[in-house]
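One structure is given here, and the rest of the page talks about it.
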Amino acid sequence: MKRLAAAVAVLAVTTLAAACGSSPSASSAENRQVRLGYFPNITHATALYSIEKDLYAKSLGVPVTTSTFNAGPAAIEAVFSGAVDATYIGPNPAINAWEKSKGKAINIVAGAASGGVFLVVKPEINSVEDLKGKKIATPQLGNTQDVALRHWLLEKGIKTDTKGGGEVSIVPQENSQTLQTFATGDIDGAWVPEPFASRLVIESKGKILQDERELWPGKQFVITHLIVRQEWAKANPDLLKKLVEAHVQSTQEINADPDAAAKVVNASVQRLTGKPLKPEVLASAFKNITFTNDPIASSLTGSADHAVKVGLLKPVDLNGIYALKTLNEVLAAKGQQSIKDK
């Protein structure tokens, strides 16, 4: 992370226009590599499993370097600066990247996960009304969970603002910090992805006030998908296909044997954080997530609408944000059904 942070800091001065088209060609020999971003979350198990099982390296045949992020906006900054070529990420940061670059920076090339997000609160909080005057954490201002919480509160008639004011104070902080502040009582709850939701419940006696799945049609919504820099993808269609092949293989193996996959993912979590998840946390987190190649496009439109309503996004045309041709070619080769982008 320190190395990535330094790289992002150096490259942050690069203009968005440069990130979208004027940097050196990614097809030059010295740049034949894949720089991949992901989060050390169970909602990013597709990436965790692939890395631990070496699926990317085996499929791509070129150097693969990885970087971890806490939340989407930081990952998008790395994409814009050219520090990563592809990243696993939630819907709202992808929408923001599309809007800010006027559709010229990124494309969504595959889905990864659905579900696995909860509002966990102190035991004495029993309703949305009880949240008034309380502090609720999200991973980062403008990230997927932050938008979801703000929209949910808005729908309940509760006012918030981006500076931590309003009837409910929303406090952006890293998920690892949220585990500590919830335990000490500095916050009253958090809208967080797995495994942090399960950890708050199991380790700190929190309780679930809202399962985000209940807010979406069919209880399905995209929590993680795979995006790529357009410039890199256009210059390296062969690497893009191999990346997607590894992604699809990972999804297939996870769903074929979830228990075995969970152990592999937990080994990755231990390597990244220095500590594995407790068996009961791992089991809880895994059962709360659906791993799928489908990006659930309808929920992306919903997420965009939510961000507009809470004042974190201007209305945006998402036509063209998906580039699923490669994914559908890979699925067809495996005899699997194609996926629509609407």
Side-chain angles (χ1 to χ4, degrees), residues 1 4 7-8 11 14 16 19-21 23-27 31-41 43-69 71-91 93-98 101 103-113 144 222-251 268 291 293 295 300 320-330 341:
M1 278 296 290
L4 173 68
V8 171
L11 292 166
T14 305
L16 181 56
C20 295
S23 58
S25 171
S27 61
N31 288 328
R32 289 287 290 181
Q33 61 175 315
V34 178
R35 297 167 299 174
L36 181 68
Y38 66 103
F39 304 179
N41 294 353
T43 53
H44 288 230
T46 310
L48 295 171
Y49 182 90
S50 296
I51 292 167
E52 206 66 20
K53 298 286 284 187
D54 217 21
L55 296 183
Y56 295 127
K58 291 176 182 176
S59 176
L60 287 155
V62 298
V64 179
T65 58
T66 60
S67 303
T68 58
F69 299 92
I76 290 300
E77 182 181 359
V79 171
F80 280 174
S81 69
V84 299
D85 304 309
T87 188
Y88 287 84
I89 201 167
I95 293 167
N96 291 336
W98 179 262
S101 68
K104 296 182 178 180
I106 64 99
N107 278 121
I108 299 168
V109 296
T144 300
V222 59
I223 180 58
T224 310
H225 48 210
L226 177 61
I227 70 169
V228 296
R229 282 196 304 118
Q230 288 183 12
E231 181 190 14
W232 175 84
K234 290 175 182 177
N236 298 281
D238 58 326
L239 294 184
L240 171 62
K241 185 173 183 178
K242 291 176 180 179
L243 176 65
V244 173
E245 286 175 342
H247 169 90
V248 170
Q249 182 66 28
S250 178
T251 303
S268 182
F291 298 102
N293 297 310
L300 187 75
I321 193 171
Y322 291 102
L324 303 183
K325 180 181 178 181
T326 300
L327 172 63
N328 284 325
E329 288 175 351
V330 172
D341 59 6

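Worth saying up front: this structure is predicted, and the values here are computed from it rather than measured.
Contact annotation: the side chain of Val34 never approaches that of Tyr56 to less than 4.5 Å [non-hydrogen atoms, C-beta and beyond]. Between Leu36 and Leu226, some side-chain heavy-atom pair lies under the 4.5 Å cut-off. Counting only heavy atoms from C-beta outward, the side chains of Ile89 and His225 approach each other to under 4.5 Å. With contacts defined as side-chain heavy-atom distances shorter than 4.5 Å, the pair Leu300/Trp98 does not qualify.
Nearest heavy-atom pair, Val222 versus Pro295, reported as atom, atom and distance to 0.1 Å: CB-O, 3.3 Å. Heavy atoms only, all atoms of each residue included: Gly72 and Phe39 are closest at N-CZ, 3.5 Å. Of all the heavy atoms in Ile106 and Ala94, the pair that sits closest is CD1-O, 3.8 Å. Lys58 approaches Lys53 most closely through the heavy-atom pair NZ-O, 3.7 Å. Scanning all heavy atoms of the two residues, the minimum distance from Ala105 to Phe80 falls at CB-CE2, 3.5 Å. Considering all non-hydrogen atoms of both residues, Phe69 and Gly37 come closest at CE1-CA, 3.8 Å.
Note that the CG atom of Asn107 and the NZ atom of Lys325 stand 13.0 Å from one another [nearest 0.5 Å]. Note that the CD atom of Glu329 and the CG atom of Leu324 stand 11.5 Å from one another [nearest 0.5 Å]. To the nearest 0.5 Å, atoms OG1 (Thr251) and OH (Tyr49) are separated by 10.5 Å. The line from NE2 of His44 to OG1 of Thr87 is 7.5 Å long, rounded to the nearest 0.5 Å. The structure places CG of Leu327 at 11.0 Å from CG of Leu243, a figure rounded to the nearest 0.5 Å. Distance CD1/Ile227 to CD1/Ile76: 4.0 Å, rounded to 0.5 Å.
Here the side chain of Gln33 pairs no donor or acceptor atom with the backbone of Val64 at under 3.5 angstrom. Checked by atom type and distance alone, the side chain of Ser59 never pairs as donor or acceptor with a backbone atom of Leu55 at under 3.5 Å. In terms of modelled atom types and a separation under 3.5 Å, the side chain of Ser50 and the main chain of Thr46 share a donor-acceptor contact.
One side chain, His247 or Tyr88, offers a donor N or O that lies under 3.5 Å from an acceptor on the other.
The salt bridge (Lys or Arg N to Asp or Glu O under 4.0 Å) check on Glu52 picks up Arg271, with sequence neighbours excluded. Residues satisfying the ring pair (Phe, Tyr, Trp, His ring centres under 6.0 Å) test with Tyr38, not counting sequence neighbours, are none. Applying the salt bridge (Lys or Arg N to Asp or Glu O under 4.0 Å) criterion to Asp238, with sequence neighbours excluded, gives Arg32.
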